[in-house]
Each structure stands twice: as C-alpha cells, then as structure tokens.
There are 2 protein chains.
Amino acid sequence: MSITSDILRGHTEAIILSHLLEQDSYGYQINKDIMKKTENRYELKEATLYSAFKRLEQAGYIRTYWGDETVGARRRYYAVTENGRKAYQSYKREWEEAKTIIDQLLK
Amino acid sequence: MSITSDILRGHTEAIILSHLLEQDSYGYQINKDIMKKTENRYELKEATLYSAFKRLEQAGYIRTYWGDETVGARRRYYAVTENGRKAYQSYKREWEEAKTIIDQLLK
DNA sequence: CAACATACCTCGCCTGTCAAGGTATATTTT
DNA sequence: AAAATATACCTTGACAGGCGAGGTATGTTG
C-alpha cells in the first residue's frame with residue numbers, strides 16, 4: 001500500500017457505497033475488489049471495513065442479508081438503500097468540492 | 001464551512017507548507033488567508049493549525065522566529081526549511097495519487 | 001468603557017483507522 | 001491424515017488528528 005490512510009480517511013463510506021451500487025457484495029469480497037481496482041495501491045483494512053458497515057447500516061444507507069451458500073463459509077451481503085443512493089450522491093459532490101479546494105490550496 | 005473535516009484531514013500540513021512557500025507568515029494570518037483563498041468554504045481551525053505547527057516544527061519542516069512589531073500584538077512567524085520543501089513535494093505527489101485512486105473508486 | 005479585532009496558546013473530547021486477536025468452514029499441500 | 005492456506009465472519013483497544021471551549025495580552029473603534 002502506498003497511500004497513507006489519513007488522506008483516504010473519510011472516504012471509506014463513499015467508496016463502499018460506490019462499490020455496492022454496482023452490485024450487492026460482502027465484506028471479504030469488497031476488500032479484495034478494492035485492492036484489485038487500485039492495483040494494490042490501496043487496501044481497505046477489514047477492521048475499517050466492518051466499522052464502516054456498522055455506521056452505514058445505522059444511518060440506514062445499507063441493509064444486509066445472509067447469502068444462501070450451500071458450500072463454503074456463510075456470507076453477509078450488503079445492499080444500498082434508497083437513502084444510501086442519495087447519500088452517495090452527496091458524498092460525491094462533497095468529494096468534488098474538496099478536490100477543488102485542496103487543488104487550490106496546494107499550488 | 002461546507003467541507004467536512006474528515007475529508008480534509010491529513011492535508012493540513014501540506015496546506016500550511018504550501019502557503020508558507022509563498023511567503024513566511026504567522027498563525028492568525030494563515031487562518032484568515034485560507035478562508036479568503038477558499039471563499040469561506042474551508043476554515044483551518046486555530047487549534048488544528050497550532051497542533052500542525054508543532055508537528056511540522058518537530059519534523060524539522062518549518063522554523064519559527066518572532067516578528068519585530070513595534071505596535072500591535074507580537075507575531076510568531078513560520079518559515080519552510082529545506083526539508084520542508086522536500087516534504088511538500090512528497091505531500092503533493094501523495095495527493096495526486098490519492099486523487100487518482102479516489103476518482104477511480106467513486107464512479 | 002465596552003465591544004471587537006488582532007494575536008498567541010492549551011486541554012480534553014470525539015471519531016475514524018487498524019493491528020492484533022478470535023471463530024468457523026473448505027481446500028490444498030505435505 | 002495432518003498441516004497449511006484460503007475463504008469468510010467479527011471485536012477490542014490503542015492511536016492520531018481535528019477542534020470546541022477555554023484562556024491570555026494588546027490595540028482599536030463606537
């Protein structure tokens with residue numbers, strides 16, 4: 001991993017929501033997907049992931065259900081709710097604004 | 001202020017260094033300048049500012065000296081060191097990479 | 001003379017990250 | 001068959017940065 005977590009801090013929830021908007025998924029898979037998407041430049045650590053799930057669920061942005069695996073370990077799937085969809089749009093706008101501001105300040 | 005602090009977190013030191021690279025300055029002024037530069041969309045809170053100064057000085061990225069004001073309150077000026085200049089370049093590269101990664105993940 | 005602006009600074013809480021640990025099942029290697 | 005690895009879940013507690021709230025001192029303005 002080459003990116004320090006403090007810079008990514010605060011984006012975890014948006015990253016998860018974005019990923020779940022593509023399709024429902026589960027913790028272990030999301031962790032692997034993020035690494036793959038970023039070619040190992042960024043890893044969303046498991047502990048970070050699960051604490052974000054908790055916040056997202058409490059906020060009503062995601063809901064969960066158990067997969068019906070007949071083989072292998074059980075999987076807890078996550079799905080974005082309607083409120084989550086809206087929250088994602090808001091996160092995204094915030095990111096665009098933050099990007100502009102930081103770019104302005106780091107000249 | 002419209003940008004949440006968690007998104008800006010971790011950029012404080014880079015923002016300060018960038019500002020000081022333009023010219024030496026002091027706490028109160030930097031605080032005002034950042035607000036002006038961002039048209040009040042972002043405020044670097046004083047407590048945040050001073051704790052960042054401490055870290056930057058401890059890291060050897062800035063040095064300080066007292067202004068020679070004959071009127072008004074005394075001012076503690078900050079100046080970027082050579083190491084600070086290098087650190088800034090590093091922060092900047094990190095920011096560019098983080099930007100790419102987040103843009104990739106928030107589709 | 002009260003209020004506000006300039007200028008400095010500290011303390012302690014809050015929150016997100018994550019190392020380290022744990023559980024259980026399935027597959028692959030020795 | 002035992003050991004190692006991979007898949008999958010989860011919690012605890014430490015740590016660090018941000019910042020609200022508070023403090024000090026001087027100068028200016030209504």
Side-chain angles (χ1 to χ4, degrees), chain A residues 1 3-17 24-36 42-59 61-62 64-78 91 94 98 101-102 105, chain B residues 1-17 24-36 42-59 61-62 64-78 91 94 98 101-102:
Chain A
M1 211 234 299
I3 286 296
T4 66
S5 47
D6 258 331
I7 286 195
L8 276 299
R9 188 185 172 114
H11 297 290
T12 305
E13 295 172 23
I15 290 170
I16 293 172
L17 285 178
D24 292 6
S25 190
Y26 55 98
Y28 192 84
Q29 184 64 45
I30 293 173
N31 178 269
K32 292 278 174 287
D33 282 350
I34 301 297
M35 275 196 284
K36 198 174 174 190
Y42 177 52
E43 181 185 3
L44 227 179
K45 303 283 160 42
E46 280 199 23
T48 304
L49 196 57
Y50 285 108
S51 67
F53 282 150
K54 206 168 287 176
R55 290 195 302 274
L56 285 168
E57 198 178 359
Q58 244 150 31
Y61 296 162
I62 57 175
T64 85
Y65 56 94
W66 287 100
D68 58 352
E69 286 70 44
T70 46
V71 295
R74 73 218 163 124
R75 297 170 177 171
R76 184 197 281 279
Y77 281 85
Y78 298 90
Y91 278 132
E94 237 183 71
I101 289 180
I102 298 174
L105 293 177
Chain B
M1 211 234 301
S2 53
I3 287 295
T4 66
S5 47
D6 259 330
I7 286 194
L8 274 302
R9 189 187 171 112
H11 296 293
T12 304
E13 297 173 22
I15 289 169
I16 293 172
L17 285 179
D24 292 6
S25 191
Y26 55 98
Y28 193 83
Q29 184 64 44
I30 294 174
N31 177 269
K32 293 279 173 288
D33 283 350
I34 301 297
M35 274 195 284
K36 199 173 173 191
Y42 177 51
E43 181 186 3
L44 226 178
K45 303 287 160 42
E46 281 199 23
T48 305
L49 196 56
Y50 287 108
S51 67
F53 282 150
K54 206 168 285 175
R55 291 195 301 275
L56 285 167
E57 197 178 358
Q58 244 151 33
Y61 295 162
I62 57 175
T64 86
Y65 57 94
W66 288 100
D68 58 352
E69 286 70 44
T70 47
V71 295
R74 72 216 164 127
R75 296 170 178 171
R76 185 197 281 280
Y77 280 86
Y78 297 91
Y91 278 132
E94 236 182 72
I101 289 179
I102 298 174

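Each chain gets a letter, A, B and so on, in the order its sequence line appears, and its residues count up from 1. Here the structure is a predicted model, which is why all the values come from computation and not from measurement.
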Tabulate atom names and distances for all N/O pairs under 3.5 angstrom spanning the protein and nucleotides 2-6 of chain C.
unit_1	atom_1	unit_2	atom_2	d
dT6(C)	OP2	Tyr28(B)	OH	2.9
dT6(C)	O5'	Tyr28(B)	OH	3.4

> Starting at CZ of Arg55(B) and ending at P of dC9(C), how long is that distance when rounded to a whole Å?
Replying inline: 15 Å
> Quick one: CG on Asp6(A) to CG on Asp6(B), what's the gap to the nearest 0.5 Å?
Replying inline: 9.5 Å
Contact list (N/O, under 3.5 angstrom) for nucleotides 28-30 of chain D vs protein:
none

> Quick one: side chain to side chain donor-acceptor pair (under 3.5 Å) partners of Asp33(A), sequence neighbours excluded?
Replying inline: His19(A), Gln29(A)
> Can you tell if the side chain of Tyr78(A) reaches within under 4.5 Å of the side chain of Leu56(A), non-hydrogen atoms only?
Replying inline: no
> Can you list the residues that meet the salt bridge (charged side-chain N to carboxylate O under 4.0 Å, His left out) rule with Arg55(B), with sequence neighbours excluded?
Replying inline: Glu13(B)
> Roughly how many Å is it from CG in Asp68(B) to P in dA7(C), rounded to a whole number?
Replying inline: 14 Å
> Hey, does the side chain of Arg9(A) come within less than 4.0 Å of dC15(D)'s phosphate (OP1/OP2), counting only N and O?
Replying inline: no
>> Go nucleotide by nucleotide along DNA chain D from the 5' end; which of Arg74(A) and Asp6(A) gets its closest nucleotide reached first?
In response: Arg74(A)
> Is Arg76(A) near enough to dC10(D) that one of its side-chain N or O atoms lies under 4.0 angstrom from OP1 or OP2?
Replying inline: yes
> For Thr64(A), what residues pass the side chain to side chain donor-acceptor pair (under 3.5 Å) criterion, not counting sequence neighbours?
Replying inline: Arg76(A)
> Between atom NE2 of His11(B) and atom CZ of Arg9(A), what is the distance when rounded to the nearest 0.5 Å?
Replying inline: 12.0 Å
> How long is the line joining CG of Asn31(A) and P of dA19(C), in whole Å?
Replying inline: 12 Å
>> Test your reading of the model: is there a side-chain donor-acceptor pair from Asn31(A) to the backbone of Glu43(A), 3.5 Å cut-off?
In response: no
>> With heavy-atom distances below 4.5 Å as the criterion, would you say the side chains of Asp24(A) and Tyr65(A) are in contact?
In response: yes
> Heavy-atom contacts under 4.0 Å between residues 46-54 of chain A and DNA chain C, which residues?
Replying inline: Ala47(A), Thr48(A), Ser51(A)
> Rounded to whole angstrom units, what separation is found between the CD atom of Glu43(A) and the C1' atom of dT17(C)?
Replying inline: 12 Å
> In whole angstrom, what separates Ile15(B)'s CD1 from dC19(D)'s P?
Replying inline: 11 Å
>> Rounded to whole Å, how long is the line connecting atom CG of Leu8(A) with atom P of dT17(C)?
In response: 9 Å
> Can you tell if the side chain of Phe53(B) reaches within under 4.5 Å of the side chain of Ile30(B), non-hydrogen atoms only?
Replying inline: yes
> Do the side chains of Ile34(B) and Leu49(B) get nearer than 4.5 Å, heavy atoms only?
Replying inline: no
> Starting at CD1 of Ile34(A) and ending at P of dT17(C), how long is that distance when rounded to a whole Å?
Replying inline: 13 Å
>> In whole Å, I'd like the distance from the NZ atom of Lys45(B) to the P atom of dA7(C).
In response: 20 Å
> Just checking, Lys32(A) and Tyr28(A): is the charged tip under 6.0 Å from the six-membered ring centre and within 45° of the axis?
Replying inline: yes
> What's the closest nucleotide to the Trp66(B) side chain, out of dG18(D), dC8(C), dC10(D)?
Replying inline: dC8(C)
>> Within this structure, what is the OH-CG distance for the pair Tyr91(A) and Leu17(A), rounded to the nearest 0.5 Å?
In response: 6.5 Å
